[in-house]
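What follows is a set of notes on a single structure, which appears directly below.
The figures here come from the full heavy-atom set of this structure, side chains too, leaving out hydrogens, waters and symmetry mates. Residue numbers start from 1 in every chain, and the chains themselves are labelled A, B, ... in the order their sequence lines are given, proteins ahead of strands.
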Amino acid sequence: MSDIAIRGVRKSYGRIETVHGLDLAFGAGEFVVILGPSGCGKSTLLRMIAGLESITAGEIAIGGRVVNRLEPRERGCAMVFQNYALYPHMTVAENIGYALKVAGVPKAERLRRIAEVGRSIGLDGLLDRRPAQLSGGQRQRVAMGRAIIREPKVFLFDEPLSNLDATLRVQMRIEIRRLHDRQGVTSVFVTHDQTEAMTLADRLVVLNAGRVEQVGTPEEVYHRPASRFVAGFVGSPPMNVVDATAAGPDTVTFGGLQLTVPPHGLERGARLAVGFRPEDAVPTAQAAPDGPVAAIDLVEDLGALRLLRGRLGGADVVVQTAAGTRHGRGPLPLQIAPSAIHLFDAETGLRLAPRAVRAAAA
Amino acid sequence: MIERTPLVNLLTHLVLVGGLLVLLLPVYVVVVAASHDLVAVNQVPMPLLPGHHLWENLAVAWQKGNFRNVMLTSVIVAGLVAAGKVGLSAISAYSIVYFDYRLRMVFFWIIFATLMLPLEVRIVPTYAVAANALEPFQALFDLSGLSVTLPRWNLLNSYSGLVLPLVATATGTFLYRQFFMTIPDELAEAAKMDGAGAFRFFKDVILPLSVTNMAALGTIMFVYAWNQYLWPLLVVTDQNYATASMELGRLVPSAYGEAPVWNTAMAGTLIVMAPPLAVVVVLQRWFVRGLVAVEK
Ligand SMILES: Nc1ncnc2c1ncn2[C@@H]1O[C@H](COP(=O)(O)OP(=O)(O)O)[C@@H](O)[C@H]1O
Ligand SMILES: [Mg+2]
């Protein structure tokens, strides 16, 4: 169990910089999820922590020790790869025990620990099989076992669930979180799947194009997205974001429609983006004058809830309603509580906090 | 696009059987010729069915060709070439694929260039080097004006002379390179995380995964080395290092000398054909797998 400090870390491949100066601190025993779209540099960051990729600038410390120049094996990290990376010619037991064999652990103890780990991850009867004879979920478990047996100070996961089918993914997700709760080892988990991120994380790091967009608990990230990017990335379905203009200190307009927002001290004519969650838009029978009306053109029934998709103020929007409601295609007047509305600067994309930010900027 | 109509099936089989017959016909003629006595074999036309003298012809050829000694030499030479080739190719390809150093591409292209220089093309300079392996270095010293005299190191009439020039070619390196590039990078990274260094990874992961490739390359190189004729003829003057193909050449009657003893010569051919055939038969299971595809 170790904390991880990442200070001014950059990564360039040739002349192209892909990670632009990250400063992050992960507490000992924390489960941190790094979330971001494909190609944003998540794997690169994880691999720099692991020691599989050199650090172009800045430094990374694990448990207070700068590891920039250390070999992967000296860093005390174990890694679970997306494609499992099991040794195809070794049995499950040999795969799990390979790190111990390399470390020169005597055979008797090795076998004892392999059996123990095998039991703890539910691979009991499968220790003599080869990876090719296992299902995807079982291979995933072997990969986990291989990481667990080393009793590392840090677990690194690089999208370990993305090759599994939906059911198994949920199941393994739960197992990974339980394992963490049992052992309390610092874990860094990389994913592009926001559901995975929300459910697993103690703390979320949202990454975009090699920069940190937001760091916070899942709750903070969900309810107070720091930028338009985070708003549009987190949540399933994600937040609706519509371009708008300020019409007064607490009013915005878009597409001839008006919306009352909490007092942000807006300057008239300022260009903004208005965000609201699909579940915060409530269909009403009676439209307020100039109030928002979405043009619904698609209804998705998910059983427990219904998603109404359409357009509002020139943007695609989704409205989430309870099962059993009967709204169909056509115009749909919406009511959005001012407290559920998020405002973002049109240029920087940053969140405008009620009052505070504008006051500071002015 | 694999079509399976009866007509296409029939045609492909006809082509296959036809090709097989064309390939086997010379072998059949050898067997027939090796199984008759001298009179029968010199009749015109030659008998088309095997006779009854195969064993006695084989025995005569075995004696006359001194096969007891030369077969051993050939097995040693071909075995060394196959082993040396497999080892050298594996290591050089491992270096090119898994290590990132500045001269990597330079080495890669140098090795690639040797593909265009088979032994037959570079036979004169190779002979010169075999006559004194340190000669190129001596020439360098002489050129640079240093008065260093290196000892002579003669490879003629030795196993090293027979083996080394055949080992130094690039084909195997390429076979391995292609194979290594199909091994996922994550495997190397997983091994790194598990604490295995470059040597451990090679021994514990790369070697076991490339057994089929080794069998394939080993088979090809064994046969290739076994069939060498020109090179042994050049470097060997000492009868102790004569190879099977050299002896076989002597069994075949020359333009002058004695009358052609075709039945003995063909029996000798059969003897010389046997070891490579045995190697292919034993290794063919892995051989085919190694050439066709990477195991899934
Ligand atoms: N070995 C490499 N050489 C050059 N560019 C690379 C290399 N590895 C990754 N990149 C680039 O770095 C960026 C981040 O990659 P990566 O960290 O793998 O993203 P992801 O967030 O999907 O895991 C990508 O734009 C990718 O093209
Ligand atoms: Mg990735």
Side-chain angles (χ1 to χ4, degrees), chain A residues 13-14 43 46-54 70-91 94-105 110 130-133 139 142-150 152 154-160 163, chain B residues 86 90 93-94 97-106 175-176 178-218 283 285-296:
Chain A
Y13 292 105
S43 298
L46 199 71
R47 292 157 53 81
M48 283 194 285
I49 298 174
L52 295 173
E53 203 78 70
S54 66
L70 296 188
E71 288 289 315
R73 64 169 154 240
E74 299 166 309
R75 298 190 184 197
C77 303
M79 186 148 165
V80 179
F81 295 85
Q82 177 173 351
N83 299 316
Y84 320 133
L86 302 180
Y87 310 117
H89 58 294
M90 297 187 194
T91 63
E94 285 166 341
N95 263 286
I96 294 177
Y98 185 60
L100 299 186
K101 188 173 164 195
V102 172
V105 174
R110 216 159 70 210
R130 275 173 213 282
Q133 301 164 298
R139 284 181 211 184
V142 178
M144 299 274 303
R146 193 163 65 171
I148 294 170
I149 200 164
R150 295 177 43 205
V154 174
F155 276 123
L156 304 172
F157 299 89
D158 193 355
E159 311 210 14
N163 284 358
Chain B
V86 166
Y94 184 58
V97 173
Y98 281 95
F99 293 84
D100 199 3
Y101 48 95
R102 203 174 303 163
L103 292 180
R104 177 162 83 149
M105 283 328 267
V106 175
L175 188 73
Y176 272 99
Q178 292 317 107
F179 170 67
F180 287 168
M181 296 207 319
T182 65
I183 297 180
D185 286 345
E186 286 191 343
L187 226 51
E189 294 179 343
K192 257 188 220 167
M193 297 302 294
D194 275 343
F199 182 75
R200 260 335 261 261
F201 177 63
F202 185 73
K203 173 172 142 300
D204 289 349
V205 180
I206 294 285
L207 277 190
L209 286 181
S210 46
V211 172
T212 54
N213 288 63
M214 293 195 169
L217 185 63
L283 293 184
R285 249 187 64 214
W286 295 282
F287 176 90
V288 175
R289 254 197 281 161
L291 283 188
V292 170
V294 185
E295 219 180 335
K296 275 272 141 188

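Of all residues in residues 76-83 of chain A, those placing a non-hydrogen atom less than 4.5 angstrom from a non-hydrogen atom of chain B are C77(A), A78(A), M79(A), F81(A), Q82(A), N83(A).
Heavy-atom distances place no part of A188(B) under 4.5 Å from chain A, backbone and side chain included. In this structure, chain B has a heavy atom under 4.5 Å from the side chain of R47(A), while its backbone stays farther away. Using a 4.5 Å cut-off between heavy atoms, L100(A) makes no contact with chain B at all.
A donor-acceptor contact shorter than 3.5 Å links the side chain of R150(A) to the backbone of M193(B). For the pair Y98(A) (side chain) and A196(B) (backbone), a donor-acceptor distance under 3.5 Å is absent.
Here the shortest heavy-atom pairing between D204(B) and M90(A) reads O-CE, 3.9 Å. The two atoms that bring A85(A) and A190(B) nearest to each other are O-CB, 3.8 Å, heavy atoms only. The heavy-atom pair separating V102(A) from G195(B) by the smallest distance is CG1-O, 3.3 Å.
Take F99(B) and apply the ring pair (Phe, Tyr, Trp, His ring centres under 6.0 Å) test, not counting sequence neighbours, and it matches Y94(B). Take V86(B) and apply the side chain to side chain contact (heavy atoms under 4.5 Å, CB included) test, not counting sequence neighbours, and it matches Y176(B), M214(B), L217(B). When the salt bridge (charged side-chain N to carboxylate O under 4.0 Å, His left out) test is applied to E159(A), the partners found at least two apart in sequence or on another chain are K42(A).
Rounding to the nearest 0.5 Å gives a distance of 7.5 Å between CD of E186(B) and CG of D158(A). Note that CD of E189(B) and CD of E53(A) are 7.5 Å apart. Values are rounded to the nearest 0.5 Å.
The neighbour count for F199(B) CZ, taken as heavy atoms of other residues, nucleotides or ligands under 6.0 Å away, does not exceed 12.
Put simply, of L209(B), V211(B), I183(B), D185(B), the one with the most heavy-atom pairs under 4.5 Å next to chain A is L209(B).
Between D194(B) and K101(A), the closest side-chain pair of non-hydrogen atoms is not below 4.5 Å.
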